[in-house]
Amino acid sequence: MINKLKRMEVPFVSFEYMHNEIRQEINEKFAQIYNKNIFIMGEELTKFEQEFAEYCGVKFAVGCATGLDALYLILRALEIGRGDEVIIPSNTFIATALAVSYTGATPVFVEPKISTYTLDPRRIEDKITSKTKGIIAVHLYGRVADMDEIREVADKHHLKLIEDAAQAHGAVYKGKRAGSLGDVAGFSFYPGKNLGALGDGGIITTNDCKMAEKIRILGNYGSVIKYHHKLQGTNSRLDEIQAGFLRVKLKHLDKWNSARNYIANQYLKGIRNPAIILPVGEDNENLCVWHIFAIRTKCRNELEQYLSDRGIGTVKHYPIAIHCQEAYKNLSIEKGSLPLAEEISSTELSLPMYYGMTQEQIDFVIETINEFKIF
Ligand SMILES: *Cc1c(COP(=O)(O)O)cnc(C)c1O
């Protein structure tokens with residue numbers, strides 16, 4: 001029986017095609033840096049910071065070691081810490097919450113809009129207390145959150161507005177890029193992100209000169225002058241090698257994001273199965289960069305197995321809501337109290353999405369899903 005199944009290898013993600021295309025550029029960049037023998041805080045970093053800031057439409061960018069560090073350094077620079085609260089969406093990758101926890105502050109979860117999976121601006125005010133210092137809006141799955149509405153709430157309550165743009169390099173909201181929409185933003189260059197390093201990396205973007213300077217100091221052991229320490233900082237820097245590779249990759253980002261957009265539109269047009277809820281399409285003012293193409297279904301495990309039997313890779317983003325994770329049992333948030341996050345975590349499945357997916361692969365995913373029978 002199994003032998004008769006139509007099968008095609010469609011991995012959940014593959015860097016092969018993308019990296020083959022830029023092999024020569026990357027090799028040249030590596031040779032340049034290797035010959036220069038400068039590996040930390042050199043010219044590649046400075047140039048990449050300028051280029052990335054320009055790409056996002058902000059004045060400053062400061063490289064750091066990871067996306068988690070980007071968020072942590074932002075919160076440290078804002079002097080958020082013990083006794084404070086920071087609002088984050090209930091359905092995000094755990095790093096958003098951990099960045100808050102690392103400062104000693106408490107993450108406070110607000111439910112998303114089920115249509116877009118981004119923070120619901122109408123639910124924020126209920127969770128604001130005298131301890132609330134900031135809001136982290138996550139551009140989850142590559143779609144920018146409702147920044148105008150969130151900004152209104154933030155301003156009304158004098159809260160800092162931070163973007164977690166780890167999944168949204170290049171995304172656009174009302175003509176402006178992710179990373180330029182809050183007071184300050186954090187990005188990740190984890191290899192699987194829309195713009196990924198060949199290892200770990202992160203960056204902070206802002207128009208606030210003082211903030212940029214403070215973050216730079218915090219990420220470099222709290223010092224401007226070597227061995228003179230103004231702040232109890234940490235070591236979180238973006239290596240020359242990664243900055244150099246990212247400069248090469250940034251030039252291709254728009255092309256890679258368009259490919260994602262094409263795949264997403266094919267999925268949206270082609271997938272017709274009553275068992276499956278598709279993500280909403282984008283409107284004209286905004287550009288979703290489809291970091292993840294998230295569908296929902298009550299028969300998630302069956303669909304996952306069915307697709308896997310036919311060669312199609314999928315991933316769940318994310319299978320356990322943060323408040324239900326063992327790591328966060330200290331918050332004592334009861335199961336059932338954040339029903340949307342729990343609904344998403346128990347029904348979400350992400351389809352293959354990467355630059356270099358062939359038309360045959362896209363068509364095969366669509367046809368295979370359309371033939372899936374409800375259990
Ligand atoms: C990936 C990610 C991060 C953390 O980035 P790292 O580089 O892995 O530390 C933070 N927030 C979100 C939403 C992410 O997807």
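Indexing begins at 1, ligand by ligand and atom by atom, following the structure's order. Note that these values count all heavy atoms, side chains included, but never hydrogens, waters or copies made by symmetry.
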Quick one: does [X] get an N or O within less than 3.5 Å of an N or O on ligand 1?
{"X": "Leu68", "result": "yes"}
{"X": "Asp164", "result": "yes"}
{"X": "Gly67", "result": "yes"}
{"X": "Tyr190", "result": "no"}
{"X": "Thr92", "result": "no"}

Should Lys193 be listed as contacting ligand 1, given a heavy-atom distance under 4.0 Å as the test?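 Yes; Lys193 lies near enough to ligand 1 that a heavy-atom distance drops under 4.0 Å.
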Numbered atoms and elements of ligand 1 in range of Val138, under 4.0 angstrom, heavy atoms: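 Taking each heavy atom of Val138 in turn, ligand 1 has 13 (C) under 4.0 Å.
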Does a sphere of radius 6.0 Å around CD in Glu54 hold more than 12 heavy atoms from other residues, nucleotides or ligands, not counting ones at 6.0 Å or beyond?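 Open.
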Can you say whether the rings of Phe93 and Tyr318 are parallel (under 30°), tilted (30 to 60°) or perpendicular (over 60°)?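 Phe93 vs Tyr318 ring planes: tilted.
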Asp69, portion touching ligand 1 at heavy-atom distance under 4.0 Å: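 Neither part.
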Please confirm whether the backbone N or O of Phe60 pairs with a side-chain atom of Glu49, one donor and one acceptor, at under 3.5 Å?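 It does not hold such a pair.
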Would you say Glu16 and Tyr354 make side-chain contact, with heavy atoms under 4.5 Å?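 No. Closest side-chain heavy atoms not under 4.5 Å.
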Testing the 3.5 Å rule here: is there a donor-acceptor pair between the side chains of Glu25 and His252?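 Present: a donor and an acceptor within the cut-off.
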Say whether Gln32 and Glu28, considering side chains only, have a donor N or O and an acceptor N or O under 3.5 Å apart.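 Glu28 and Gln32 do not have a side-chain donor-acceptor pair below 3.5 Å.
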Of the protein's non-hydrogen atoms, which lies at the shortest distance from atom 10 (C) of ligand 1, and what is that distance?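 Atom 10 (C) of ligand 1 sits closest to the protein heavy atom Ala95 CB, 3.4 Å.
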What protein heavy atom sits nearest atom 7 (O) of ligand 1, and how far off is it?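 Nearest protein contact, heavy atoms only, for atom 7 (O) of ligand 1 is Ser188 OG, 2.6 Å.
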Mind checking what makes salt bridge (Lys or Arg N to Asp or Glu O under 4.0 Å) contact with Asp126, not counting sequence neighbours?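 Counting only residues at least two positions away or on another chain, Asp126 forms no salt bridge (Lys or Arg N to Asp or Glu O under 4.0 Å).
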